[in-house]
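Keep in mind that the numbers below use all heavy atoms, side chains included, and drop hydrogens, waters and symmetry copies. Computed from a predicted model, the values in this text were never measured in an experiment.
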Amino acid sequence: MYIANIPLSQNTTIKQTDTIAFALDRMEDFQFHLLPVVDGDNYLGYITQNDLLNALDDQFTVATIHLRTDPIYVMASQHPYDAIRLMTAYHMDILPVLDEHNNFRGLLTSLELIKTISVLQSLNDVGAIIVLEIGAHDFSLSKIAHLVEVENCQILNCSTQAVPENATIQVTIKVNQSNIANLLSSFARQNYKVMASFNTLQEFDDLEDRYKQLMNYINI
């Protein structure tokens with residue numbers, strides 16, 4: 001998966017010959033806080049809404065504003081995770097996307113990025129989520145995968161987060177089953193600490209019970 005495979009917002013650029021008033025209107029239309037500035041397809045930099053609002057006259061052209069040329073963009077050949085890193089580091093919800101020739105390809109929005117990550121990590125697939133706490137020296141993904149497979153489940157997604165305070169690793173896995181009672185028992189027998197589980201069959205049963213209780217109450 002490359003950023004080039006993600007739907008990008010097109011026709012979102014302005015030129016240096018455009019007026020500041022025109023650029024502000026474009027920002028309002030797109031609901032973006034910045035816009036890329038191009039010369040043909042060549043990416044020159046970007047301007048922010050504050051840059052435009054601070055101009056002395058909105059009939060001046062964009063050329064009168066100092067362009068921001070910080071390397072806050074992603075290449076079409078990069079992975080979506082690179083876009084997440086940049087958006088997080090610079091507190092941005094859109095990023096310009098360039099090709100290898102510095103040509104502007106479009107704007108990547110946080111919404112489209114979230115949709116892509118959801119597909120990559122199987123977040124839309126049915127299944128349960130389990131959070132384990134494991135000693136940093138005891139972590140073995142192959143062992144966890146073996147326990148999951150023994151219980152006739154498959155790992156759809158796995159992520160880890162180090163917890164330096166107690167020298168442990170939190171492992172979050174998503175499996176392709178919601179009935180995971182046996183799997184949770186298997187983890188317990190192997191001395192894995194189950195911190196939490198979500199989207200389990202028990203949760204669905206509880207939800208159905210609450211729904212029935214509500215309907216009974218309404219019909220009284």
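Here the straight-line distance linking atom CD of Q16 with atom OG1 of T64 works out to 10.0 Å at 0.5 Å rounding. Taken to the nearest 0.5 Å, the CE atom of M195 stands 8.0 Å off from the OG1 atom of T168. Between T172 atom OG1 and L132 atom CG the span is 8.0 Å, to the nearest 0.5 Å. Summarising the geometry, atom CE belonging to M75 is positioned 11.5 Å from atom CG belonging to D82; distances are rounded to the nearest 0.5 Å.
Minimum heavy-atom separation, Q170 to V163: CG-CG2, 4.0 Å. In terms of heavy atoms, L98 sits closest to R105 at C-CG, 4.1 Å. For the residue pair S178 and A128, the shortest heavy atom distance occurs at CA-CB, 4.2 Å.
Taking 4.5 Å as the limit, some side-chain heavy atom of M1 sits within range of a side-chain heavy atom of P80. The shortest side-chain heavy-atom distance between Q177 and E151 does not fall under the 4.5 Å cut-off. No side-chain heavy atom of I130 sits less than 4.5 Å from a side-chain heavy atom of V148. D57 is not listed as a side-chain neighbour of I20, based on a closest heavy-atom distance of 4.5 Å or more.
The 12-atom threshold is not exceeded at CG of N11, counting heavy atoms of other residues, nucleotides or ligands nearer than 6.0 Å. Counting heavy-atom neighbours within 6.0 Å of H33 NE2, excluding the residue itself, gives a total above 12. Taking a 6.0 Å sphere around CD of E28, one finds it holds 12 or fewer heavy atoms contributed by other residues, nucleotides or ligands. More than 12 heavy atoms of other residues, nucleotides or ligands shown are found within 6.0 angstrom of OH on Y43.
Under the 4.5 Å side-chain heavy-atom criterion for ILVMFWY residues, no single connected hydrophobic cluster contains both I114 and F32. Side-chain heavy atoms closer than 4.5 Å link hydrophobic residues (I, L, V, M, F, W, Y) into clusters, and following such links, possibly through other members, connects V171 to L141. Cluster annotation: I3 and L111 are assigned to distinct hydrophobic clusters (Ile/Leu/Val/Met/Phe/Trp/Tyr, side-chain heavy-atom contacts under 4.5 Å, transitive). Tracing side-chain contacts under 4.5 Å through hydrophobic residues (I, L, V, M, F, W, Y), one reaches V38 starting from L67; they form part of the same cluster. The hydrophobic clustering, which links ILVMFWY residues whose side-chain heavy atoms are closer than 4.5 Å, places I129 and L156 apart.
Taking the ring pair (Phe, Tyr, Trp, His ring centres under 6.0 Å) definition, one finds that Y192 meets it with F187, sequence neighbours left out. Legend: residues meeting side-chain hydrogen bond (donor to acceptor under 3.5 Å, both in side chains) with Q121, ordered by chain and number and at least two apart, are Y81. In this structure T48 satisfies the side-chain hydrogen bond (donor to acceptor under 3.5 Å, both in side chains) test together with D51, sequence neighbours excluded.
Without hydrogens or angle criteria, D70 side chain to I72 main chain gives no donor-acceptor distance under 3.5 Å. In this structure a side-chain-to-backbone donor-acceptor pair under 3.5 Å is missing from D138 to I134. Between the side chain of N157 and the backbone N or O of S122 there is no donor-acceptor pair closer than 3.5 Å. For S186 (side chain) and N182 (main-chain N/O), no donor-acceptor pair under 3.5 Å exists by modelled atom type.
Ion pairing between K15 and D18 holds under the 4.0 Å rule for side-chain N and carboxylate O.
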- Query: Yes or no on side chain to side chain contact (heavy atoms under 4.5 Å, CB included) for L52 and L35, after CA distance, side-chain angles and deciding distance?
  - Reply: CA-CA 11 Å; L52 297 173; L35 283 177; 5.8 Å; no
